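Keep in mind it's a predicted model, so treat the numbers as computed, not measured.
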Amino acid sequence: MIPTGDIAVGYDLAALQSALHTRILGRNVHYMDTAASTNSTAIALAEADSLDGTIVVAEVQTAGRGRRGRLWHSPHGRHIYCSIIFRIADERSAWITWIPLVSALAAAEAIFDTARLPVLLKWPNDLLVSDRKIGGILCEKVGRQGRSVVVIGIGLNINCDETDFPSDLGNLATSIKMEHGQTVNRTTVLAALLNRLEIRLDRVRSEGVSETLAAYSARSATIGERVQVVLGEGEPVEGLAESIGPDGCLRVRLQTDPSANGDSTLIEVRSADVNSVRKVITTS
């Protein structure tokens with residue numbers, strides 16, 4: 001049963017605390033009606049030594065950011081705009097590179113928990129339903145006196161209609177409401193997100209990446225697809241997305257050069273725009 005609610009009503013912070021099963025995530029909430037971006041606010045709080053697990057939640061972002069500096073569409077009171085301060089004791093830990101993917105996986109699981117929507121993951125951290133974007137992750141690292149902080153920014157499209165999106169996003173984005181035709185209680189979704197995220201972060205930190213890699217790969221919309229990879233300012237290359245590597249990279253088998261006697265090259269992509277060749281999805 002999908003939890004419904006009035007989109008004009010803000011978060012119920014008391015209900016949020018009651019629904020949490022976390023030790024740290026969401027136990028300290030910095031709630032704002034308006035923020036330039038929740039990530040920017042969380043970074044400032046992290047630099048001021050705010051508590052581990054503090055979350056910043058806003059009803060609207062006036063300058064929401066996606067990956068590679070893209071703007072994030074942020075209408076008032078309709079979606080989840082949340083950033084989490086996550087402190088890391090040892091920045092040399094191998095699992096740290098998995099934080100963006102773990103966050104996307106946790107968000108996908110939370111949407112399924114609360115709305116029973118099958119969510120796929122476009123590497124590294126976009127969430128897709130019906131081949132349209134329903135959410136995304138932006139992780140930013142902040143140094144602080146020998147200890148690192150990762151700010152995990154999560155945007156989920158919850159309660160808008162197709163006409164609420166800008167015209168250039170109309171065929172590329174969706175929301176839980178659009179998929180079900182009814183509004184959704186954002187407090188319930190946010191609680192599920194924080195519960196799932198803490199479980200996922202604890203697991204990858206204590207048990208290694210094997211189970212997380214399998215769970216992420218099972219939801220992947222990228223593995224097995226022929227993709228176009230844009231590396232920096234260079235020319236795009238095309239190949240088959242074969243697998244996720246042990247550090248969360250995407251392994252792509254480049255197209256075989258007919259003059260190379262059947263040889264092919266496997267590259268490991270860690271930071272790039274990666275889009276399906278059959279349908280290029282412009283992300284924000």
Side-chain angles (χ1 to χ4, degrees), residues 11 13 16 20 22-74 79-108 110 121 124-127 135-157 186 189-202 204-205 212 247-248 270-271 283-284:
Y11 290 96
L13 299 184
L16 175 65
L20 289 178
T22 60
R23 299 184 324 279
I24 61 170
L25 295 194
R27 294 303 177 180
N28 186 39
V29 180
H30 188 88
Y31 174 81
M32 310 171 72
D33 181 76
T34 303
S37 97
T38 58
N39 263 30
S40 296
T41 300
I43 288 171
L45 290 173
E47 292 174 338
D49 290 327
S50 191
L51 293 174
D52 190 16
T54 294
I55 68 168
V56 177
V57 182
E59 294 291 348
V60 65
Q61 298 182 115
T62 59
R65 292 180 285 120
R67 293 179 66 241
R68 299 181 177 269
R70 299 184 180 104
L71 294 178
W72 184 271
H73 179 59
S74 306
H79 302 324
I80 288 177
Y81 318 116
C82 174
S83 295
I84 300 125
I85 296 173
F86 183 63
R87 298 190 180 277
I88 300 168
D90 184 0
E91 62 183 29
R92 297 168 298 179
S93 299
W95 58 269
I96 291 175
T97 56
W98 273 88
I99 292 176
L101 284 75
V102 163
S103 302
L105 177 58
L121 302 174
N125 45 27
D126 282 349
L127 289 80
I137 314 294
L138 174 64
C139 292
E140 298 184 274
K141 189 176 178 182
V142 183
R144 179 68 178 173
Q145 297 179 346
R147 295 185 63 200
S148 290
V149 176
V150 175
V151 170
I152 304 170
I154 300 176
L156 300 179
N157 299 337
R186 292 178 299 145
V189 180
L190 179 58
L193 170 63
L194 295 171
N195 287 331
R196 281 288 189 175
L197 181 57
E198 186 165 287
I199 290 170
R200 280 290 171 193
L201 289 170
D202 283 350
V204 74
R205 180 165 44 186
T212 302
D247 66 348
R270 292 180 174 83
S271 179
T283 62
S284 60

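- Judged by distance alone, the side chain of Ser37 and the main-chain N or O of Ser40 form a donor-acceptor pair under 3.5 Å.
- Considering all non-hydrogen atoms of both residues, Glu198 and Leu25 come closest at OE1-N, 3.0 Å.
- No donor-acceptor contact under 3.5 angstrom links the side chains of Asp247 and Thr97, judged on distance only.
- Using a 4.5 Å heavy-atom cutoff, the side chains of Val150 and Glu140 are not in contact.
- Between Ala36 and Gln61 the shortest heavy-atom distance is O-CB, 3.7 Å.
- Rounding to the nearest 0.5 Å gives a distance of 5.0 Å between CG of Leu190 and CD1 of Ile80.
- In summary, of the residues considered (Val151, Ile154, Ile152, Asn39), a side chain to side chain contact (heavy atoms under 4.5 Å, CB included) with Leu138 occurs for Asn39 alone.
- Residue Leu121 forms a side chain to side chain contact (heavy atoms under 4.5 Å, CB included) with just one option from Leu101, Asp126, Ile137, Leu105, and that option is Leu105.
- A 4.5 Å side-chain heavy-atom check between Leu201 and Val102 finds at least one atom pair inside the cut-off.
- The two atoms that bring Ala42 and Ser83 nearest to each other are CB-CB, 3.8 Å, heavy atoms only.
- Closest heavy-atom contact between Asp202 and Arg23: OD2-NH1, 2.7 Å.
- In terms of heavy atoms, Pro100 sits closest to Cys139 at CA-SG, 3.8 Å.
- Looking at Val189 and Arg186, their side chains never come closer than 4.5 Å, going by heavy atoms from C-beta outward.
- If you take CZ on Phe86 and OG1 on Thr54, they are separated by 13.0 Å, rounding to the nearest 0.5 Å.
- To the nearest 0.5 Å, the span separating CZ on Arg27 from CG on Leu194 amounts to 9.5 Å.
- The side-chain heavy atoms of Ile55 and His30, taken from C-beta on, include no pair separated by under 4.5 Å.
- Listed for the Ser103 side chain is a donor-acceptor partner under 3.5 Å among the backbone atoms of Ile99.
- Residues Cys82 and Thr38 have side chains not in contact (no heavy-atom distance under 4.5 Å, counting atoms from C-beta outward).
- Counting heavy atoms from C-beta outward, Val204 and Arg200 have side chains that stay 4.5 Å or more apart.
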For a side-chain hydrogen bond (donor to acceptor under 3.5 Å, both in side chains) check, start with the C-alpha distance between Tyr31 and Glu59, then their side-chain angles and the critical distance, and finish with the verdict. CA-CA 8 Å; Tyr31 174 81; Glu59 294 291 348; 2.6 Å; yes
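- No side-chain donor-acceptor contact under 3.5 Å links Asn28 to the backbone of Leu51.
- Taking the side chain as every heavy atom from C-beta outward, Met32 and Thr41 approach each other to under 4.5 Å.
- Contact between Ile85 and Ser50 at its shortest, heavy atoms only, is CD1-CB, 4.0 Å.
- Lys141 has its side chain out of reach of Val149: every pair of non-hydrogen atoms, C-beta onward, lies at least 4.5 Å apart.
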